Asker: 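Mind having a look at this structure? Questions to follow.
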Amino acid sequence: GEVVHRMLTATQYIAPLMANFDPSVSRNSTVRYFDNGTALVVQWDHVHLQDNYNLGSFTFQATLLNDGRIIFGYKEIPVAVTQISSTNHPVKVGLSDAFVVVHRIQQIPNVRRRTIYEYHRVELQMSKITNLSAVEMIPLPTCLQFTSCSPCVTAQIGFNCSWCSKLQR
């Protein structure tokens, strides 16, 4: 989608391994995706770090399933993720979501201020990312899963759920 704000991409990501990868530095590097309607798989094959080609190639993937689960799989991780430099690009493993609110500034016409609000972030332990490892994230229940009033208002999920009769959710 449209990049509304440069910092928004720092707070909205699904990152099996975010680093300074550049598929163009090797003829063997590819980024492939596959969608069968129930799962979207993105695979980074033999990608190298732009600023440190000699560390070797990385092969890993992310799978997003239609039931909300997310699986990160790691085939080839030639060095400890904690040793990857973040000088030229942040190194992250996990999930983050945020939204932007545009505020009008009354004193200055045609000027708007954008504020980024982060919902939540899941940061995975980088030391656990190794060859032939995987991480499965299972979504917690939310208010939106309920289809009738009674289960909604009696839910013990850590949210203050309330039923909206107009929306029927």
Side-chain angles (χ1 to χ4, degrees), residues 1-103 112-145 157-159:
E2 180 184 345
V3 177
V4 178
H5 190 281
R6 190 174 53 135
M7 285 304 294
L8 194 58
T9 56
T11 55
Q12 283 187 314
Y13 57 84
I14 298 172
L17 180 52
M18 181 190 301
N20 198 20
F21 291 111
D22 184 353
S24 71
V25 299
S26 170
R27 293 184 64 197
N28 296 328
S29 297
T30 58
V31 179
R32 303 172 193 215
Y33 68 91
F34 176 76
D35 184 351
N36 68 5
T38 62
L40 168 69
V41 180
V42 180
Q43 181 162 310
W44 291 259
D45 251 327
H46 305 293
V47 293
H48 291 263
L49 292 164
Q50 185 181 55
D51 48 2
N52 201 341
Y53 182 90
N54 294 331
L55 282 182
S57 70
F58 294 72
T59 298
F60 55 94
Q61 66 179 213
T63 302
L64 284 63
L65 296 140
N66 68 351
D67 65 2
R69 289 179 297 136
I70 298 174
I71 302 169
F72 293 162
Y74 304 93
K75 184 177 180 184
E76 296 173 7
I77 306 297
V79 296
V81 175
T82 54
Q83 293 178 347
I84 298 173
S85 172
S86 60
T87 302
N88 296 319
H89 193 286
V91 178
K92 297 179 183 182
V93 178
L95 313 168
S96 181
D97 197 9
F99 64 97
V100 174
V101 175
V102 179
H103 304 277
R112 295 181 182 155
R113 184 184 79 209
R114 292 183 175 113
T115 305
I116 300 171
Y117 294 95
E118 189 174 44
Y119 286 115
H120 191 66
R121 181 184 312 177
V122 175
E123 294 177 337
L124 301 177
Q125 257 187 299
M126 291 188 201
S127 61
K128 301 281 188 187
I129 308 307
T130 60
N131 288 334
L132 303 176
S133 64
V135 175
E136 179 182 23
M137 289 162 277
I138 300 169
L140 296 173
T142 67
C143 297
L144 295 177
Q145 75 185 44
I157 61 173
F159 295 106

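Nothing here was measured: the structure is a model prediction, and the numbers come from that model.
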Asker: Quick one, Ser57 with Glu76, criterion side-chain contact (heavy atoms from CB on, under 4.5 Å). Give me CA distance, side-chain angles, the key distance, then yes/no.
Answerer: CA-CA 7 Å; Ser57 70; Glu76 296 173 7; 3.6 Å; yes
Asker: What are the two closest heavy atoms between Pro78 and Gly56, and how far apart are they?
Answerer: CG-C, 3.9 Å
Asker: Report yes or no: does Asn131 contribute a side-chain atom to a donor-acceptor pair with the main-chain N or O of Ile77 at less than 3.5 Å?
Answerer: yes
Asker: Measure the CG-NE2 distance between Leu95 and His120 for me, rounded to the nearest 0.5 Å.
Answerer: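 Separation between the atoms: 9.0 Å.
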Asker: Would you sort out whether Tyr53 and Asp22 count as a side-chain contact (heavy atoms from CB on, under 4.5 Å), showing the intermediate values?
Answerer: CA-CA 9 Å; Tyr53 182 90; Asp22 184 353; over 6 Å; no
Asker: Which heavy atom of Pro16 sits nearest to which heavy atom of Gln61, and what is that distance?
Answerer: CB-O, 3.9 Å
Asker: Between CG of Asn52 and CD of Gln50, what distance do you get to the nearest 0.5 Å?
Answerer: 11.5 Å
Asker: Could you report the tightest heavy-atom contact between Ala98 and Glu118, atom names first, then the distance?
Answerer: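 Closest heavy-atom pair between Ala98 and Glu118: CB-CA, 3.7 Å.
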Asker: Minimum heavy-atom separation for Gly37 to Asn66, with atom names?
Answerer: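 Heavy atoms of Gly37 and Asn66 come nearest at O-ND2, 4.1 Å.
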Asker: Can you name the closest pair of heavy atoms from His46 and Asn28 and give their distance?
Answerer: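 Distance-wise, the nearest heavy atoms are CB-O, 3.7 Å.
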Asker: Quick one: CD on Glu136 to CG on Leu65, what's the gap to the nearest 0.5 Å?
Answerer: 8.0 Å
Asker: Which value, rounded to the nearest 0.5 Å, describes the distance between Leu124 atom CG and Met137 atom CE?
Answerer: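 If we round to the nearest 0.5 Å, Leu124:CG and Met137:CE are 5.0 Å apart.
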Asker: Could you check Leu17 against Val93 for side-chain contact (heavy atoms from CB on, under 4.5 Å), going step by step and ending with a plain yes or no?
Answerer: CA-CA 5 Å; Leu17 180 52; Val93 178; 3.9 Å; yes
Asker: Mind checking ring pair (Phe, Tyr, Trp, His ring centres under 6.0 Å) for Phe60 and listing every partner two or more places apart, or none if nothing turns up?
Answerer: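 Listed in chain order: Phe21, Trp44.
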Asker: Could you tell me whether the side chain of Ser85 and the main chain of Thr87 form a donor-acceptor pair under 3.5 Å?
Answerer: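 Yes; at least one donor-acceptor contact below 3.5 Å.
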Asker: Can Ile157 and Leu140 be said to form a side-chain contact (heavy atoms from CB on, under 4.5 Å), step by step?
Answerer: CA-CA 8 Å; Ile157 61 173; Leu140 296 173; over 6 Å; no
Asker: Flag the pair Leu49 / Phe58 as yes when at least one side-chain heavy-atom distance between them is below 4.5 Å, and no otherwise.
Answerer: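 Heavy-atom side-chain distance check passes, below 4.5 Å.
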Asker: Restricting to ring pair (Phe, Tyr, Trp, His ring centres under 6.0 Å), what partner residues turn up for Tyr74, sequence neighbours left out?
Answerer: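 So Tyr74 forms no ring pair (Phe, Tyr, Trp, His ring centres under 6.0 Å) with any residue.
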Asker: Rounded to the nearest 0.5 Å, what separates atom CD1 in Ile70 from atom CG in Leu64?
Answerer: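 It is 4.5 Å, given to the nearest 0.5 Å.
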Asker: Quick check: closest heavy atoms across Met18 and His89, and the distance to 0.1 Å?
Answerer: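 Result for this residue pair: CG-CE1, 3.4 Å.
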Asker: To the nearest 0.5 Å, what is the distance between CD1 on Ile14 and CG on Asp97?
Answerer: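 The CD1 atom of Ile14 sits 8.5 Å away from the CG atom of Asp97.
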